[in-house]
Amino acid sequence: MHSYSLIAPAKINLYLEIIGNRPDGYHELAMILQSIDLADQIDVHAASTQTIRVYCDHPQVPIDQTNLAYRAAELMARKFPDAFSNFGGIDITIKKRIPVAAGLAGGSTNAAAVLVGIDLLWNLGLTKSELEELGATLGSDVPFCISGGTVIATGRGEQLSPLPNLNHINIVLAKYRSLEVSTPWAYQTYRQVFGSTYIKDTKDLVARANAVHSGEMVKAIVAKDAAEISQKLHNDLEKVVLPAYPQVLQLRELFASQEGVLGTMMSGSGPSVFAIVESPAQAEVVKQQIRTAIPDEDLELFVTGTITTGIQIIRNS
Ligand SMILES: C[C@](O)(CO)[C@H](O)COP(=O)(O)OP(=O)(O)OC[C@H]1O[C@@H](n2ccc(N)nc2=O)[C@H](O)[C@@H]1O
Ligand SMILES: Nc1ncnc2c1ncn2[C@@H]1O[C@H](COP(=O)(O)OP(=O)(O)OP(=O)(O)O)[C@@H](O)[C@H]1O
């Protein structure tokens, strides 16, 4: 049976600013998203029966219809019913390495891989923007995950404008395995606390989103200046997550106090925290220092780095 194996990288948010409420309950954002080389492997197989099945041995990942990878396959089956009946069902195997419910777009990147994999499996020939449009119906981070790299994301997070490549920025990433932060909770709490401070006028919203394009973080990225990027890291959601989750705040402060750390920030709605460091060797030292300070095995630590790609095909059989 025909199958594709794909690499599905995680993302971090170098910049996340909430600039408005939307009538649909979502928030108007100005973000800079960055792919990192911490990735899951997704195998998409043509199955002999007319079913969609998900296999994953990670205890925190559901294998039913709530799995975002399942929902991506279901969407493709609904949109392309002839291909679904011609080519048969889909078996999806997820090798999970990205920490779950971490603010790293783990489910979103799996869904993006399934869209890309099924497009290939069924010879649909969809364009990147058609895949992104389908992805946006599954989640705000899905369109970014398809091509990845370094990107300004506005609107709900689905309007993308690519930035120059930012390769090999060294990162140490930490996440408490058992700690999960709900993304809806983080945004809703932010709205309750800071909602009245938003920009209300649509023209101002556009201006604010555009300001990110000419802002300091983009200049630092264009210059590939890791120290400057580290100084400009920003995430509005820290304002609600850090006070509610003392362990995340502690991690954030511990990273900030380490020699060799250029900057540190929570990713997305958390609770993962990343630090930018100067070299791979320093990354190992910082990881070891954090491990010594927090010997708790619940804390997962990764040495990783920025990459320039989203979903990659590694095998076609
Ligand atoms: C926190 C981030 O990961 C940063 O990149 C994203 O903004 C969230 O991306 P995601 O998990 O793909 O988000 P979705 O699945 O679309 O939405 C999850 C929930 O987050 C909130 N949400 C998300 C995106 C957005 N622009 N405004 C929101 O308020 C909504 O409550 C929504 O119900
Ligand atoms: N393929 C999947 N991988 C991981 N979690 C999934 C998947 N499908 C559904 N989930 C569920 O989604 C929840 C959020 O997990 P996920 O790893 O996608 O979060 P996240 O990294 O915070 O996402 P984002 O950064 O896009 O908000 C988990 O608690 C899990 O139950």
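In each ligand, atom 1 is the first atom listed, and ligand 1 is the first ligand listed. Nothing here was measured: the structure is a model prediction, and the numbers come from that model.
- Heavy-atom proximity to Gly103, at under 4.0 Å, picks out these atoms of ligand 2: 20 (P), 21 (O), 22 (O), 25 (O).
- Scanning the protein for heavy atoms near atom 4 (C) of ligand 1, the closest one is Asn13 ND2, 3.4 Å.
- Distances from ligand 1 to the non-hydrogen atoms of Ser269 include at least one value under 4.0 Å.
- An N or O contact shorter than 3.5 Å links Ala105 to ligand 2 by distance.
- Atom 17 (O) of ligand 1 has Tyr26 CE2, 3.7 Å as its closest protein atom, hydrogens excluded (heavy atom only).
- Scanning the protein heavy atoms around atom 3 (O) of ligand 1, the nearest turns out to be Asp141 OD2, 2.7 Å.
- With hydrogens left out, the protein atom closest to atom 20 (O) of ligand 1 is Thr183 CG2, 3.4 Å, a heavy atom.
- Selection from Ala102, Gly106, Pro62, Pro99 by nearest heavy atom to atom 6 (C) of ligand 2 gives Pro62.
- Distances below 4.0 Å separate heavy atoms of Leu68 from the following atoms of ligand 2: 8 (N), 9 (C).
- Any N or O atom pair closer than 3.5 Å counts here, and Gln188 shares no such pair with ligand 1.
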Go through it in stages, so that I can follow the logic: the residues are Val218 and His213, the test is side chain to side chain contact (heavy atoms under 4.5 Å, CB included), and I'd like the CA-CA distance, side-chain angles, deciding distance and then a yes or no.
CA-CA 6 Å; Val218 169; His213 288 253; 5.6 Å; no
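- Of all atoms in ligand 2, numbered sequentially from 1 with element shown, those under 4.0 Å from a heavy atom of Ser108 are 26 (O).
- Which parts of ligand 2 touch Lys96 is read off a 4.0 Å heavy-atom cut-off, strictly below it: atoms 3 (N), 4 (C).
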